[in-house]
Amino acid sequence: MKDLLPGPAGFEAGGAVSNVAKRLVKAIVLFGSPGSGKGTQAKLLTDCLGIPHVSTGEMLREAVRNGRGVTPKTAAKMHAGSLVKDEVVEALVEDRLSQPDAANGFVLDGYPRTLAQAQHLTGWLSQREAHEVVIHLAVDYNVIIARLTGRRECPRCGTPYNVVLRPPKVDELCDLDGEKLVRRDDDREEVIRERLDAYDRQTRPVLEYLREAGGRVIEVDASNDPPETVFQKIGRAMEN
Ligand code: ADP
């Protein structure tokens with residue numbers, strides 16, 4: 001799909017900014033509720049485009065695991081399914097996007113999730129004369145619940161599974177390395193409800209903001225199709 005991803009009008013960086021900024025040609029934002037498949041599509045996109053996957057959820061979980069860079073309060077918020085403070089996430093993202101491997105672009109997954117974060121991102125990009133391309137994965141509420149409650153992953157290689165929709169060959173074991181699959185700490189029913197509430201209250205309005213901010217927003221119906229088909233839909237939409 002690499003060849004099919006032209007920079008939309010105004011997307012390519014240029015003008016009197018640093019060389020790094022000039023090379024920033026692909027800023028992709030994957031947008032959608034928890035369980036909409038952002039992580040899966042982000043992996044497919046990054047493999048195809050050779051740009052990094054920047055997942056704020058993953059970065060935060062990693063920081064909690066290492067006990068570095070986040071306070072117990074942040075860890076508690078994640079555990080409860082509510083959003084962590086904007087400043088914490090903004091600092092993590094800014095640091096990550098400044099790494100050399102992100103100079104040609106990146107796929108953001110789970111950011112921005114509040115209006116303040118969206119303003120922060122659009123400001124950061126416009127300083128570099130770049131614009132985001134937003135891909136909105138629209139998924140039916142009931143499908144989301146089924147996906148999140150059945151979700152498991154391999155703790156060693158990160159391969160995602162679903163006990164109902166995409167079960168491993170042997171019960172609860174990873175097909176690739178035989179490791180026992182785990183459930184994410186926040187994929188418990190009461191926490192799922194809180195995460196979906198946070199999405200409705202704080203994150204959904206961000207899509208309207210991004211639309212009005214002038215970036216391109218691509219709508220993709222991602223309720224019923226397998227990931228490969230959703231990925232093809234994204235590719236076709238980006239071609240147009
Ligand atoms: P999902 O999209 O499946 O809910 P993520 O892995 O993206 O999960 O995020 C897990 C948790 O990390 C969120 O519930 C929240 O506590 C925290 N988090 C991730 N990204 C952000 C963000 N941009 N702003 C605030 N909190 C975030």
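Order of appearance sets the numbers: ligands from 1, and atoms from 1 within every ligand.
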Taking only heavy atoms of [X] into account, list the atoms of ligand 1 that are under 4.0 Å away from them.
X: Tyr111; result: 23 (N)
X: Leu60; result: 12 (O), 17 (C), 18 (N), 19 (C), 27 (C)
X: Thr56; result: 19 (C), 20 (N), 21 (C), 23 (N)
X: Lys38; result: 2 (O)

Indicate, as side chain, backbone, both or neither, the part of [X] found under 4.0 angstrom from ligand 1 when only non-hydrogen atoms are considered.
X: Lys85; result: neither
X: Asp186; result: side chain
X: Val89; result: side chain
X: Arg195; result: side chain

Q. Between atom CG of Leu196 and atom CZ of Arg204, what is the distance when rounded to the nearest 0.5 Å?
A. 9.5 Å
Q. Hey, looking at atom 22 (C) of ligand 1, which of Glu90, Arg61, Met59, Arg113 has the closest heavy atom?
A. Arg113
Q.
Heavy atom to atom 5 (P) of ligand 1, shortest distance: which of Met78, Gln202, Arg184 holds it?
A. Arg184
Q | Result of checking Thr46, Asp109, Asp47 against His53 for side chain to side chain donor-acceptor pair (under 3.5 Å) | A | Asp109
Sidechain N-carboxylate O distance under 4.0 Å for [X], [Y]:
X: Asp187; Y: Arg195; result: yes
X: Glu219; Y: Arg211; result: yes
X: Asp186; Y: Arg151; result: no

Looking at [atom], what's its closest protein heavy atom, distance included?
atom: atom 16 (O) of ligand 1; result: Ser82 O, 2.7 Å
atom: atom 24 (N) of ligand 1; result: Gln117 NE2, 2.9 Å
atom: atom 26 (N) of ligand 1; result: Val84 N, 3.1 Å

Q | Residues Glu190, Arg193; criterion salt bridge (charged side-chain N to carboxylate O under 4.0 Å, His left out); working and verdict | A | CA-CA 5 Å; Glu190 66 282 14; Arg193 214 169 299 128; over 6 Å; no
**Q.** Nitrogen or oxygen of Pro112 less than 3.5 angstrom from that of ligand 1
**A.** no
Q) Can you find an N or O of Gly110 that's nearer than 3.5 Å to an N or O of ligand 1? A) yes
Q. Can a cation-pi geometry be assigned to Arg152 and Tyr161, taking NZ or CZ under 6.0 Å from the six-membered ring centre and within 45° of the ring axis?
A. no
Q) Does the side chain of Leu60 reach to within under 4.5 Å of the side chain of Val84, using non-hydrogen atoms? A) yes
Q. For ligand 1, is there an atom lying under 4.0 Å from some heavy atom of Arg151?
A. yes
(Q) Ignoring hydrogens, what is the shortest heavy-atom contact between Cys174 and Cys157? Give both atom names and the distance. (A) SG-SG, 3.8 Å
Q: Evaluate the ring planes of His136 and Phe31, with Trp represented by its six-membered ring, and classify them as parallel (under 30°), tilted (30 to 60°) or perpendicular (over 60°).
A: perpendicular
